[in-house]
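Worth saying up front: this structure is predicted, and the values here are computed from it rather than measured. So that the names make sense, note that chain A is the first sequence line, chain B the second, and so on, each numbered from 1. All values below were derived from every heavy atom in this structure, side-chain atoms included, with hydrogens, water molecules and symmetry-related copies excluded.
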There are 2 protein chains.
Amino acid sequence: MYRTKEQRQSDRRTEILDAAQRCFARSGFHQASMQEICAEAGMSPGNLYRYFPSKEALIAGISERNRAEAAASFAKVDSAPDFFEGLAGLARHHLVDRSDVEVGLCAEIMSESRRNPEIARLYQDIEHDIKNRIAAMLRLAVERGEVRADLDVEAAATVLMVLGDGMSWRRSVEPGFDAERVLPLILKMVHCLLAKSADSPADCASRCGEGER
Amino acid sequence: MYRTKEQRQSDRRTEILDAAQRCFARSGFHQASMQEICAEAGMSPGNLYRYFPSKEALIAGISERNRAEAAASFAKVDSAPDFFEGLAGLARHHLVDRSDVEVGLCAEIMSESRRNPEIARLYQDIEHDIKNRIAAMLRLAVERGEVRADLDVEAAATVLMVLGDGMSWRRSVEPGFDAERVLPLILKMVHCLLAKSADSPADCASRCGEGER
DNA sequence: CTATTGAGAGCGAACGTTCATTCTCAGAAT
DNA sequence: ATTCTGAGAATGAACGTTCGCTCTCAATAG
């Protein structure tokens, strides 16, 4: 009975977050009205406010919920047999496979964090976390000798995030953007940036140009 | 007197656009109220509406105004003695030298175009124009033998825009983002993507790593 | 040179709407 | 009987836009 009550509350909360996520991705954070979210969640405003104290709390809840999920995908790279293959998998997962809803939502959170300090702090926490994971991933690959030793790891991590953001935005802003077509070029560039200079361009092409899919 | 009148009207319009640009960059398109823009322009709402029929018209005006300016910077690359130096200059101009106001404004237009069809059409026109210019620039470089002949020019142009968007967003979203530090890595990657495979990595480093600034 | 006039420039209060949030109250569960 | 859950109308602030008014000033008439 304790269990059931808390369980129910938690379920209700995730239902609401799901509905809000769809609305935000579809209409944007400001454009999506509480009424719209309530309708999507099949619930009255008064009731929704019993679960979340404000509209901001909805975004915060969504961001928080996605943090763990995002973080998990980095672990895979470290345990992949070949670093660049692992990275390619990560890239595909983040740049191509993600649903339009997720991409749109990400865009929405980014632009909201430009002016909403509350969201900005939350978002920057997550970004910082992700950047650290990328940097750690790169350092591990350096130790393993898969990546050039003289790399500016911090800057390289930033570059990878730049690529991620750029791809994400093009996807959400350019209709008919073909991530699939661009990905090989991206991977090639990244390989060039990270790989030891001894690795030949031919090797680069064979590893990045094809190799997955 | 004909001249003066039209001149005055035009001046007023650019003044208003300047003010609106500052407001939008600072507060965002939706957050910036007409009152705020009026205050910034030193003008009453009623009067401002004599020059622009709506808030949307302000964004449209700003976008339109920046199109030519943006386009002009591409001509420089074509006339540069070395393609990659020209490209590096363009990159520096777009990724590092741009003012925070411009970057913020760009972010604002992008996110607004995600949900405002009117703005979306305008923005996509401009983006399309820019992409064509980049592609043309690349094709010219291919003809000159400065860039590898087997390049997927369309995809490469998209990649360059991805990089531009990514850098722009990181600048406007990550406090303390150091574009200067990241730029060499970006240029190196781009060189790797575009240059003929005959060009050695050493050549790449000397051309991209330093060379300007 | 002065007076008249009329259109453009400008103001700021007011309007109508939208929206997040709160209030009130009724039914269900315990 | 009391607490939990829910609905939906009410509230009040904020916003884009409009409206009616005043002021400025150059052109013309006297």
Side-chain angles (χ1 to χ4, degrees), chain A residues 1-24 26-62 108-109 111-112 115-119, chain B residues 1-24 26-62 108-109 111-112 115-119:
Chain A
M1 172 236 209
Y2 261 25
R3 253 288 62 89
T4 0
K5 199 168 74 181
E6 286 174 15
Q7 189 66 24
R8 276 219 319 188
Q9 281 234 355
S10 170
D11 285 355
R12 265 269 180 266
R13 283 176 62 96
T14 61
E15 276 173 37
I16 293 173
L17 286 185
D18 288 342
Q21 187 158 333
R22 282 190 296 273
C23 290
F24 289 153
R26 187 198 314 131
S27 317
F29 181 65
H30 282 288
Q31 215 84 340
S33 70
M34 280 310 227
Q35 306 281 347
E36 182 184 340
I37 297 168
C38 291
E40 181 86 25
M43 185 178 294
S44 68
N47 197 30
L48 190 148
Y49 271 84
R50 296 184 10 88
Y51 294 93
F52 290 94
S54 73
K55 201 177 180 183
E56 277 192 6
L58 289 175
I59 278 226
I62 291 172
E108 215 42 55
I109 293 179
S111 63
E112 181 61 21
R115 59 188 94 96
N116 188 326
E118 191 98 15
I119 304 300
Chain B
M1 175 228 201
Y2 261 26
R3 254 283 67 87
T4 359
K5 199 167 76 180
E6 286 173 16
Q7 188 67 23
R8 276 223 316 192
Q9 280 232 357
S10 169
D11 285 355
R12 267 272 179 261
R13 283 176 63 94
T14 61
E15 276 173 37
I16 293 173
L17 287 185
D18 289 342
Q21 187 158 333
R22 283 190 296 272
C23 290
F24 288 153
R26 187 197 315 131
S27 317
F29 181 65
H30 282 288
Q31 216 85 340
S33 70
M34 280 310 224
Q35 306 282 346
E36 180 185 341
I37 296 168
C38 291
E40 181 85 24
M43 186 178 293
S44 69
N47 197 32
L48 190 148
Y49 271 84
R50 296 186 5 93
Y51 294 92
F52 291 93
S54 72
K55 200 178 182 183
E56 277 193 6
L58 289 175
I59 279 227
I62 291 172
E108 214 43 53
I109 294 179
S111 63
E112 182 60 20
R115 59 188 93 96
N116 189 326
E118 191 98 15
I119 304 300

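Contact check, A:Arg12 against D:dT5: no side-chain N or O comes under 4.0 Å of OP1 or OP2.
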Collect all protein-nucleotide pairs involving nucleotides 18-20 of chain C in which both atoms are nitrogen or oxygen and the distance is under 3.5 Å.
{"from": "C:dA20", "atom 1": "OP1", "to": "A:Ala32", "atom 2": "O", "distance (Å)": "3.3"}
{"from": "C:dA20", "atom 1": "OP1", "to": "A:Lys55", "atom 2": "NZ", "distance (Å)": "2.4"}
{"from": "C:dA20", "atom 1": "OP2", "to": "A:Met34", "atom 2": "N", "distance (Å)": "2.5"}

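Rounded to whole Å, atom C1' of C:dG10 lies 8 Å from atom OH of B:Tyr51. For the pair A:Leu48 CG and D:dG6 P, the interatomic distance rounds to 11 Å; values are reported in whole Å. Note: CD (B:Glu36) to P (D:dC15) measures 9 Å, nearest angstrom. Whole-Å rounding puts the B:Asp11 CG to C:dG10 C1' distance at 17 Å. Here C:dG8 presents its C1' atom at 9 Å from CD of B:Gln9, a figure rounded to the nearest Å. Put simply, CZ on B:Arg8 is 13 Å from P on D:dT24, counting in whole angstrom units. Between B:Asn116 atom CG and D:dG16 atom P the separation is 13 Å, expressed in whole Å. Atom CD1 in B:Ile59 sits roughly 12 Å away from atom P in D:dG16 (whole-Å rounding).
Within the 3.5 Å criterion, the main-chain N or O of B:Tyr51 finds a donor-acceptor partner in the side chain of B:Arg13.
No side-chain heavy atom of A:Glu108 sits less than 4.5 Å from a side-chain heavy atom of A:Ile62. The shortest side-chain heavy-atom distance between B:Pro45 and B:Gln35 falls under the 4.5 Å cut-off. Using a 4.5 Å cut-off on side-chain heavy atoms (C-beta onward), A:Asn47 and A:Arg50 make contact. Proximity of B:His30 to B:Arg115: side-chain heavy atoms (C-beta onward) are separated by under 4.5 Å at one or more points. Side chains of B:Leu17 and B:Arg22 form no contact here, defined as non-hydrogen atoms less than 4.5 Å apart. Contact of the A:Lys55 side chain with the A:Phe24 side chain is registered, since non-hydrogen atoms from C-beta on lie closer than 4.5 Å.
Using a 4.0 Å heavy-atom cutoff across all strands shown, B:Phe52 reaches no nucleic acid atom at all. Looking at heavy-atom distances under 4.0 Å, B:Arg50 makes contact with a base.
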_side chain to side chain contact (heavy atoms under 4.5 Å, CB included) between A:Gln21 and A:Ile16, intermediate numbers included_ = CA-CA 8 Å; A:Gln21 187 158 333; A:Ile16 293 173; over 6 Å; no

_Walk along nucleotides 23-28 of chain C from 5' to 3' and tag each nucleotide B, S or - by protein heavy-atom contact under 4.0 Å, base first, then sugar-phosphate._
B-----

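Ion pairing between a basic and an acidic side chain is recognised when a charged N comes within 4.0 Å of a carboxylate O; A:Glu40 and A:Arg26 show such pairing.
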